[in-house]
Amino acid sequence: RYGLRATQGRLDTSGMVPLSPSQDVPGPLARSVIDLVTVLDVIREEGASFADALDLHSLEGARFGALSAYIDGETVDPMVTDATRDAIRRLEAAGAEVIEIDIEGLEALLADTSVSNAEFPGALADYLDANEAPRRSIEAILESGLYLDRHEARYRRSVEAAADQE
C-alpha cells in the first residue's frame with residue numbers, strides 16, 4: 001500500500017500513455033517501502049539512489065501541508081478521505097507535523113489552470129502514431145466509440161481546449 005509520485009525528470013516515462021507531457025510522472029505502487037524504493041531505483045533517470053536515501057527517522061521534525069478541500073471536500077470520495085486521514089496519522093506517528101490548510105475560493109483559483117486538456121490530444125496522437133495504433137487521434141477514438149463512457153466528457157474537453165490553442 002505504498003506509492004510515490006516522484007519529482008518530474010527523476011523517472012523514465014518511456015512507454016507511458018501521455019496525459020500532459022509537462023506534468024506526467026510515473027507513480028509506482030508497492031507492498032512495502034523497501035519494494036517501492038527498489039522499483040524507483042530501477043526506473044530512475046539519474047541522481048541519488050532512493051534506497052540509499054531511505055531513513056526510517058527522516059520524518060521527525062518534517063512539516064506537511066494538507067489542503068482540507070482535498071480531504072473533506074464535497075466531491076471527495078469517502079474512501080479517499082479515510083485513506084488520507086490514515087496517512088496523516090501515520091505521518092504524525094513518524095514524527096511529522098501535518099497542518100491542515102483552508103484556502104478561501106480554492107476552486108475559483110484553480111479554474112482553467114490545467115494545461116493537460118490542451119496537451120493531451122497532441123501528446124496522445126504522437127504516442128498512438130509511434131506505436132502504430134489503429135486509431136491515431138483522440139478525435140478518431142471519439143468517432144469510433146471505443147472508449148469508456150466515463151471518459152467521453154474529458155476527451156471532448158481536451159479536443160476543445162486544443163482547438164482553442166490554435
Donor-acceptor pair, distance only, cut-off 3.5 Å: does the side chain of [X] make one with the backbone of [Y]?
X	Y	result
Asp35	Ala30	no
Asp41	Phe50	yes
Gln8	Val25	no
Asn117	Ala162	no
Thr7	Arg10	no

[Y] side chain reached by [X] side chain, heavy atoms, under 4.5 Å:
X	Y	result
Thr81	Asp77	no
Val115	Ser22	yes
Asp72	Thr84	no
Asp24	Met16	yes
Phe64	Leu91	yes
Ile103	Leu67	yes
Ser68	Ile101	no
Ser49	Arg44	yes

| task | Answer yes when Arg85 and Asp82 have at least one side-chain N-carboxylate O distance shorter than 4.0 Å, and no when they do not. | result |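 Looking at Asp82 together with Arg85, the answer is no, because their closest N to O distance does not fall below 4.0 Å.
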| Side-chain ion pair, Glu97 and Arg63, N-O less than 4.0 Å |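 Judged by the 4.0 Å cut-off on N to carboxylate O distance, Glu97 and Arg63 do form a salt bridge.
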| message | According to salt bridge (charged side-chain N to carboxylate O under 4.0 Å, His left out), who are the partners of Glu152, at least two apart in sequence or on a separate chain? | response |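 Per chain and number, Glu152 pairs via salt bridge (charged side-chain N to carboxylate O under 4.0 Å, His left out) with Arg156.
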Just how far is it from atom [atom1] of [X] to atom [atom2] of [Y], taken to the nearest 0.5 Å?
X	Y	atom1	atom2	result
Leu54	Ser58	CG	OG	7.0 Å
Glu139	Ser158	CD	OG	10.0 Å
Ile88	Ile99	CD1	CD1	11.5 Å
Arg90	Leu59	CZ	CG	12.5 Å
Ser14	Glu45	OG	CD	7.0 Å

| Which pair of heavy atoms, one from Glu104 and one from Leu109, lies closest together, and at what distance? |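 Taking every non-hydrogen atom into account, O-CD1, 4.2 Å.
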Report whether [X] and [Y] are members of the same hydrophobic cluster (ILVMFWY, side-chain heavy atoms less than 4.5 Å apart, transitive linking).
X	Y	value
Tyr2	Leu11	yes
Leu4	Ile34	yes
Leu29	Leu36	no
Leu148	Leu142	no
Leu106	Val80	no

| task | Could you check whether the rings of Tyr147 and Tyr155 sit parallel, tilted or perpendicular, using 30° and 60° as the cut-offs? | result |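 Tyr147 vs Tyr155 ring planes: perpendicular.
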| Are side-chain N/O atoms of Ser116 and Gln23 paired as donor and acceptor at under 3.5 Å? |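 No pair is found: no donor N or O on one side chain lies under 3.5 Å from an acceptor on the other.
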If you look only at distance, which donor and acceptor atoms sit under 3.5 Å apart when one is on a side chain in residues 121-135 and the other is two or more places apart or in another chain?
unit_1	atom_1	unit_2	atom_2	d
Asp129	OD1	Arg136	NH1	2.8
Asn131	ND2	Tyr127	O	2.8

| When you look at Leu19 and Arg154, which way does the side chain to side chain contact (heavy atoms under 4.5 Å, CB included) test go after all the steps? | CA-CA 11 Å; Leu19 174 63; Arg154 174 167 177 69; 2.8 Å; yes
